[in-house]
Amino acid sequence: VGENGSPTEGVCMGGNAVHWFRKGLRLHDNPALRDALRGADTLRCVYILDPWFAGSSSVGVSRWRFLLQCLEDLDASLRKINSRLFVIRGQPTDVFPRLFKEWKVTRLSYEYDSEPFGKERDAAIRKLANEAGVEVMVRISHTLYDLDKIIELNGGQSPLTYKRFQSLISRMDAVEMPAETITADVMGRCTTPISDDHDDKFGVPSLEELGFEVDTLTTAVWPGGETEALTRLERHLERKAWVANFERPRMNANSLLASPTGLSPYLRFGCLSCRLFYFKLTDLYRKVKKNCVPPLSLYGQLLWREFFYTAATNNPRFDKMEGNPICVQMPWDRNPEALAKWAEGRTGFPWIDAIMTQLRQEGWIHHLARHAVACFLTRGDLWISWEEGMKVFEELLLDADWSVNAGSWMWLSCSSFFQQFFHCYCPVGFGRRTDPNGDYIRRYLPILRGFPSKYIYDPWNAPESVQKVAKCIIGVHYPKPMVNHAEASRINIERMKQIYQQLSCYRGLVQQVTSAPQSEAAAQSSWHGDLRYPGTSTRQQHGGFWIPFHHFSQSAAAAF
Amino acid sequence: MKRNQRGEEEEGGGSSPGSREPRKKKQLRQQDLEDQDESSSQWGRLPQEMLLQVFQYLPLLDRAYASQVCRGWNHAFHMPELWRCFEFELNQPASSYLKATHPDLIKQIIKRHSNHLQYVSFKVDSSTESAEAACDILSQLVNCSLKTLGLISTARPSFMELPKSHFISALTVVFVNSKSLSSLKIDDTPVDDPSLKVLVANNSDTLKLLKMSSCPHVSPAGILCVADQCHGLRELALNYHLLSDELLLALSSEKHVHLEHLRIDVVSENPGQHFHTIKKSSWDAMMRHSPKFNLVMYFFLYEDEFGPFFREEIPVTHLYFGRSVSKEVLGRVGMNCPRLVELVVCANGLRPLDEELIRIAERCQHLTAIGLGECEVSCSAFVEFVKMCGRRLSQLSIMEEVLVPDNKYGLDELHWEVSKHLGRVWFPDMMPTW
């Protein structure tokens with residue numbers, strides 16, 4: 001069984017190919033599908049729908065709708081080349097042995113899934129395939145690079161700082177070109193046997209069939225599918241070209257709203273190939289900047305995604321605090337009531353509630369909005385575990401896949417990746433500075449429309465007269481703020497300091513370490529006592545924990 | 001630390017004084033090789049000092065397992081030296097993710113080791129039960145002569161939810177019985193003036209460190225009593241409402257040792273709160289008495305509450321603004337804080353802090369650490385700032401999104417310039433954007 005195009009693969013003379021779609025829901029840059037077709041007699045593209053998935057609360061209706069739209073789009077595209085999508089319900093380990101027999105499959109292809117759960121699942125399927133004498137073809141196309149090579153370059157460990165990651169990337173070989181799009185020509189003499197009852201047996205289900213209430217649903221702000229993704233890509237590049245500026249765009253009130261050039265959900269589901277995006281960006285940059293070498297920052301969005309995939313691929317506990325070697329063990333509070341208020345946008349802080357409302361309604365929020373609500377839930381105000389926030393995002397956020405979601409939550413809660421914890425997003429001030437008028441609030445929390453800009457971020461401070469005029473009494477029509485932010489942030493910064501102090505103590509790193517490679521100091525670290533902290537990989541990382549006022553901490557630490 | 005049999009032997013052999021040890025080590029090795037049957041009894045007869053050394057490196061759980069091996073090791077496990085420090089972790093599964101110290105272990109400690117305890121801390125989660133459990137244990141520490149006591153809330157301040165009298169009576173057990181308290185950490189607790197009097201009455205000679213931020217039941221008079229009587233006090237942490245001219249003068253009196261750290265939390269309870277001022281002469285007295293002391297100030301105020309602050313020179317060394325602070329106030333900081341060593345600005349807003357930063361670089365010649373959160377600074381001004389501070393900046397932490405590229409510098413050039421001036425490789429802090 002050859003992998004990644006190894007020369008040992010012979011040209012398949014005939015045979016029945018099955019391509020298994022999981023992510024990578026596209027026909028462009030799909031090397032696994034492309035290679036599966038070579039010399040095959042028949043091709044069937046399958047998508048396996050786990051029947052219990054729909055009922056699980058960890059995937060909300062927006063995500064399901066997006067997925068179904070992706071599948072419809074795939075089906076439509078396949079129809080154009082005289083093929084169809086086969087949607088099959090069940091568990092892969094049950095489905096595949098049956099299919100192998102029924103369809104006399106000789107070749108199975110799929111896009112490589114780097115996530116630990118994915119690797120485990122695929123290993124099981126590979127075993128079944130081997131037993132059935134089915135050739136397995138796996139290709140990497142969900143990430144820019146072969147993640148294992150990045151890890152190898154870093155001495156066998158996943159890099160834990162973004163800067164280190166970037167320096168490794170700059171030493172990697174060039175990103176591989178996207179594979180050719182599957183067209184009728186590429187299909188060649190390969191056919192797809194389609195039965196008359198295909199729609200009944202293998203059709204894409206509807207939301208109703210999966211058990212969702214659709215009457216109350218509004219039109220999708222983010223329509224799923226490869227076609228939409230490619231259109232958006234063009235728009236995205238057009239806009240960049242027009243602005244002729246590749247710098248990070250300044251944040252303004254408009255940035256908060258869903259953009260018709262936004263691409264993150266499409267990258268997650270694989271409707272858009274990250275490699276295609278990469279090369280198109282590169283081409284555009286070269287054109288506009290007259291053949292300058294593009295800086296790494298141009299690919300920021302793609303590299304962050306890559307970073308988290310790399311961090312997660314060998315860590316099955318990546319989405320947990322306990323037993324996760326890279327996660328600081330924090331004494332988070334268990335508080336289901338507070339968590340529900342946050343998740344449902346009932347915190348009493350309009351900025352937070354509007355963001356959570358947009359998230360629930362549309363499935364996407366701006367990354368600074370994510371920082372704001374994540375900070376509020378964890379280290380900023382509620383002191384609730386990032387795992388809870390991650391679960392809510394998993395349910396509601398279209399572009400949140402396992403690695404990126406868990407990694408971001410650890411980052412934003414200062415649980416890993418050496419993130420400085422001193423600065424905290426204020427649930428009133430931050431929003432006010434971003435959108436002074438408050439239009440964003442009024443849009444997603446219509447109950448607060450009557451408040452003037454002066455009070456819309458902290459309506460509890462508005463005089464009763466103002467509240468009456470706004471027809472919204474705080475505590476009656478809209479909740480009072482669930483915490484006192486000044487108090488909460490004061491307490492929480494102390495908590496964070498306590499935790500990091502202990503880490504420093506045990507590492508013998510009470511003195512702040514400068515950016516010289518920490519090899520010696522960190523190498524002396526060891527698992528000491530019952531406290532755990534980011535593990536031995538600190539040896540190779542840049543960046544110590546800076547605890548403000550370490551002199552004071554030092555003596556207090558010595559006393560305790 | 002790798003724990004294996006050879007490791008333990010070497011540890012024991014290396015650390016104990018006396019020339020007998022190397023021979024003994026050799027003897028043990030020889031006997032080990034020659035006489036396998038007796039090897040287990042050799043382990044059982046290791047000298048207690050050696051075991052003590054080794055056990056000190058083991059986490060409690062491993063030590064407990066080791067203590068089950070034989071009587072000798074069990075005896076070592078209970079040696080007083082191993083029970084000087086203890087941290088009681090009190091968590092409820094309903095309110096915490098972390099495990100609590102086992103109740104049986106707690107019972108054992110109180111029964112067999114309470115008179116060995118010298119450095120004790122209690123970590124409690126946000127449930128009232130945990131705080132009550134802590135008080136329960138405190139009340140039983142009658143035979144203890146504690147040097148250090150820490151009451152630490154790891155989430156919400158649950159000690160504040162206890163009935164005040166219950167807490168006070170538990171705490172005063174320690175105050176009265178210890179008589180040699182040196183360090184006391186009681187932030188976010190309902191401690192009050194009378195209990196501080198009890199503390200002082202029994203521990204005035206030994207008290208060196210007192211951390212009591214956010215203790216709302218204490219009055220300025222209460223803390224003044226501590227300053228007046230505890231002349232060895234070197235470190236003090238409290239809230240601004242307890243700070244008074246009298247307090248500073250008491251801490252500067254001749255009888256008083258040099259103060260090393262004074263931490264003050266300035267917290268706003270309600271918007272528009274008014275804060276009293278401290279006279280410059282009081283700060284001057286402090287400076288004359290303790291020229292090297294660190295003055296650490298944390299501000300959690302609304303932007304319009306900074307009126308009384310930074311109008312005159314103040315010897316603050318470490319300054320932390322936990323909420324938004326205006327350009328104007330930062331300008332005043334530059335003018336009036338010549339001793340500033342560390343500055344952290346959580347947030348400021350969307351008007352660039354260029355001028356203010358330059359002034360701080362000029363006038364705060366001791367500044368070695370700065371952290372800038374949600375602010376704006378133009379790249380040119382930032383480079384200028386770093387150039388002026390030079391290599392004394394051992395910590396420079398700024399969010400990448402704070403820096404605004406201009407005609408002179410983009411982000412990539414900035415990173416090189418700053419690295420050059422700092423003499424080390426430097427990058428701004430980043431947040432994921434995907």
Side-chain angles (χ1 to χ4, degrees), chain A residues 162-163 247-248 251 264 295 297 300-301 304-305 307-308 321-322 329 331-335 367 371 383 385 399 404 407-408 411-412 419-420 422-426 429-430 433 461 486-487 489-491 493-495 498 512 514-516 526 528-530 542 546 548-549 551-552 555-556 559-560, chain B residues 1 59-61 94-98 119 121 125-126 148 150 152 154-157 183 185 187-188 209 211 235 260-261 263 265 267-268 271 294 296 298 300 318 320 322-324 342 344 346-347 349-350 371 373-374 394-395 397 399 405 410-412 424-427 429-434:
Chain A
Y162 188 64
K163 282 305 165 187
E247 300 277 4
R248 169 182 40 89
M251 175 75 170
S264 55
S297 52
Q301 184 177 11
W304 274 108
R305 187 178 163 269
F307 171 78
F308 286 123
M321 174 174 82
E322 203 184 319
Q329 305 298 303
W332 302 115
D333 200 13
R334 276 195 205 269
N335 192 336
H367 68 259
H371 299 170
W383 200 250
S385 170
D399 60 30
V404 179
S408 300
W411 191 295
L412 296 173
Q419 175 59 19
Q420 298 291 359
F422 65 81
H423 102 281
C424 175
Y425 295 99
C426 176
F430 185 40
R433 285 185 283 278
N461 284 330
E487 188 58 13
S489 56
R490 180 195 66 77
I491 291 172
I493 200 84
E494 271 312 299
R495 308 291 170 253
Q498 275 166 24
Q512 198 274 321
T514 60
S515 68
S526 57
H528 206 85
D530 302 310
H542 157 72
W546 173 46
F549 322 130
H551 285 120
F552 194 61
S555 47
F560 296 100
Chain B
M1 166 126 196
L60 184 58
L61 191 60
S95 44
S96 177
Y97 291 84
L98 301 183
Y119 306 93
S121 55
D125 67 9
S126 54
T148 292
I152 301 164
T154 60
R156 280 174 291 143
S183 296
K185 189 177 185 317
D187 310 89
D188 291 302
L209 182 151
K211 292 190 82 187
E235 295 190 29
E260 286 171 24
H261 293 282
R263 169 174 162 166
D265 284 17
V267 185
S268 168
N294 284 331
V296 179
Y298 280 74
F300 291 93
H318 299 70
Y320 179 90
R323 305 196 71 169
S324 184
E342 200 166 277
V344 176
C346 196
L350 294 178
E374 192 220 321
S394 61
Q395 178 63 49
S397 187
M399 300 290 296
L411 286 173
D412 292 314
R424 62 178 194 268
V425 178
W426 177 89
F427 293 102
D429 298 338
M430 304 198 69
M431 290 289 253
T433 57
W434 83 99

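In what follows, chains carry the letters A, B, and so on, assigned in the order in which the sequence lines appear, proteins first and then strands, with residues in each chain numbered from 1. What you see is a predicted model, and the numbers here were worked out from it, not measured in a lab.
For B/Ala155 against A/Pro331, the heavy-atom pair with the smallest separation is CB-O, 4.1 Å. The shortest non-hydrogen separation linking A/Arg433 to B/Ala347 is NH2-CB, 3.6 Å.
At least one side-chain heavy atom of A/Lys163 sits under 4.5 Å from a side-chain heavy atom of B/Met430. Contact check for A/Asp333 versus B/Ser96: no side-chain heavy atoms found under the 4.5 Å cut-off. No side-chain heavy atom of B/Glu374 sits less than 4.5 Å from a side-chain heavy atom of A/Cys426. At a threshold of 4.5 Å between non-hydrogen side-chain atoms, the residues A/Trp332 and B/Leu98 do not count as touching.
Salt bridge annotation for B/Lys185-A/Glu494: absent, with no cationic side-chain nitrogen under 4.0 angstrom from a carboxylate oxygen. Of the charged side-chain nitrogens involved, at least one lies within less than 4.0 Å of a carboxylate oxygen, so that B/Asp188 and A/Arg490 count as a salt-bridged pair. Salt-bridge check for A/Arg495 with B/Asp125: failed, with every basic side-chain N at 4.0 Å or more from each acidic carboxylate O.
Here B/Asp412 contributes atom CG and A/Ser297 contributes atom OG; the two are 5.0 Å apart, rounded to the nearest 0.5 Å. A distance of 12.0 Å separates OG in A/Ser489 from OH in B/Tyr298, rounded to the nearest 0.5 Å. Put simply, CZ on B/Arg156 and CD1 on A/Ile491 are 9.5 Å apart, with the number rounded to the nearest 0.5 Å.
The candidate with the highest count of non-hydrogen atom pairs below 4.5 Å against chain B, out of A/Phe307, A/Tyr162, A/Trp383, A/Trp411, is A/Trp411. In terms of heavy-atom pairs under 4.5 Å with chain A, the best-connected choice from B/Cys346, B/Pro157, B/Ser268 is B/Cys346.
Residue contact with chain B, scored on non-hydrogen atoms closer than 4.5 Å, involves the backbone and the side chain of A/Phe430 alike. Looking at B/Thr154, both its backbone and its side chain come within 4.5 Å of chain A, counting heavy atoms on both sides. Of the two parts of B/Asp187, neither the backbone nor the side chain holds a non-hydrogen atom closer than 4.5 Å to a non-hydrogen atom of chain A.
Within the 3.5 Å criterion, the main-chain N or O of B/Thr433 finds no donor-acceptor partner in the side chain of A/His371.
Annotation: cation-pi geometry satisfied between A/Arg334 and B/Tyr97 (NZ/CZ under 6.0 angstrom from ring centroid, within 45° of ring axis).
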